[in-house]
Amino acid sequence: MNIAYYAMGGGHGHAMRGLALLSRLGHGTLVAPERHRAWAESLNVVFSTSMPDADFVLVDTFPRGVTGELQLRAPAWLVARWTRPDFYESRRDAIERFERVVWCEEPSIELPNAIRIPPILLRPPPLPREDARRDFDAGSRPLLMVLGLGDRQRPLLEKIARLLGLDLRFNDRFPAARWLPAADVVVSAAGYHAFHEIEADGVPAAYLPQPRQYDDQFRRAAHRPVAHDPRELESLIRRLLTTPRRPASAPDGAMRLAELVERRMKLGVLAEEEVAPLALR
Amino acid sequence: MTCQERSGFLFAHPCDRPSAWKCHSCMRDICDSHIRHIDEIPWCVSCLKKQNVTPPGPRGAQTQGYYSYDDPYWYAGLYLAGYSFYDADDYRAFDAPGRASVGGDFERDPGGS
């Protein structure tokens with residue numbers, strides 16, 4: 001049975017969720033922008049920039065496709081993350097075409113046939129701390145790692161790192177979470193994947209949420225350390241340098257989704273009692 | 001060459017006046033407003049501050065009881081214990097990025113996906 005995961009979209013999150021699922025399933029095609037091809041190939045996931053013939057489709061976030069182009073000819077599930085409620089509210093007609101909605105964050109609206117699972121993350125095996133630090137050419141100073149944040153804050157972070165005597169490293173590697181053990185403190189926006197990977201890892205982190213049209217990074221990071229100006233960021237980093245790392249945790253949402261998809265493949269349309277045991281309660 | 005000192009009351013920013021001197025200590029190009037002379041040796045106000053030396057006024061200013069809102073000595077970072085360590089650019093890093101990323105179609109919203 002051919003599975004396709006539609007992950008078109010501007011950020012990395014769509015493709016990362018698709019890769020997390022398909023790498024666990026061991027089959028299926030990731031449909032994503034060309035820039036994600038190398039990531040897919042590094043995980044032995046089949047990659048395409050156009051929708052192949054598929055028996056079952058998972059569509060990430062955009063029920064009509066990224067430009068409204070999506071024509072679904074096979075049974076499909078929608079993988080949804082939290083968005084501002086009016087986004088899905090105004091697309092209810094498109095969502096009705098989906099057999100099931102799988103929320104991988106808190107649902108932003110009530111939808112029929114919806115279940116919630118833990119965050120869908122790549123969760124690559126972390127490197128031993130010393131190996132990860134060696135890869136970043138880190139010395140004996142504490143390492144301030146920047147992950148999932150644009151370049152706009154770079155001069156400020158360089159200034160703070162100089163002031164506090166830290167090694168500053170920008171983690172642009174793939175899969176980035178593999179190198180989180182190198183960090184003593186992480187600074188990130190609060191985009192889906194970086195946020196949940198960091199929280200799952202347990203490394204102390206300061207967030208600089210960025211405004212987005214429908215995503216709400218401020219909401220996502222609302223209960224975590226957030227800086228609103230340079231001095232607050234400096235003082236947060238100072239505090240986090242003495243904060244112990246939490247043990248790595250978080251259930252594997254990607255594995256739960258893989259199990260659900262396998263059940264769907266084996267049993268056909270799933271009844272609630274077949275889905276419920278894997279849902280987050 | 002423009003002055004390499006930074007000035008501004010709330011946020012430090014490049015001075016941009018034409019430079020007329022070289023600081024004896026840091027060798028930066030400095031303008032008339034930001035240079036001070038001690039025993040005829042030119043010092044920028046930042047270097048004086050680092051040495052905890054209260055400078056005389058700029059040449060031409062009345063030295064007795066000298067005070068100027070424009071004198072960076074009175075508001076630069078080291079004097080106010082870090083208050084102005086961060087400048088306008090640092091604060092701008094917390095501003096919303098250009099409208100392109102918060103307007104338009106959601107399908108083009110690049111973040112947090």
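Chain identifiers are assigned alphabetically (A, B, ...) following the order of the sequence lines, protein sequences preceding nucleic acid strands; residue numbering begins at 1 within each chain.
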Task: Salt-bridge contact Glu106(A)-Arg219(A) (side-chain N to carboxylate O under 4.0 Å) - done: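 Yes, charged N to carboxylate O under 4.0 Å.
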Task: Electrostatic pair Asp89(B):Arg152(A) at N-O distance under 4.0 angstrom - done: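 Result for this pair is no, no salt bridge flagged.
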According to side-chain contact (heavy atoms from CB on, under 4.5 Å), who are the partners of [X], at least two apart in sequence or on a separate chain?
X         : answer
Pro18(B)  : none
Pro230(A) : Leu156(A), Tyr86(B), Asp90(B), Tyr91(B), Phe94(B)
Glu199(A) : Phe195(A), Tyr207(A), Arg224(A), Arg246(A)

TODO: Would you please go through residues 232-241 of chain A and name the residues with a non-hydrogen atom below 4.5 Å from one of chain B, in numerical order?
DONE: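 Leu233(A), Glu234(A) fall under the 4.5 Å cut-off.
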TODO: Against chain B, label Ala227(A) side chain, backbone, both or neither, depending on which of its atoms sit under 4.5 Å from a heavy atom there.
DONE: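 Both backbone and side chain.
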TODO: Check Leu22(A) against Leu30(A) and note the closest heavy-atom contact, atom names and distance.
DONE: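 Taking every non-hydrogen atom into account, CD1-N, 3.5 Å.
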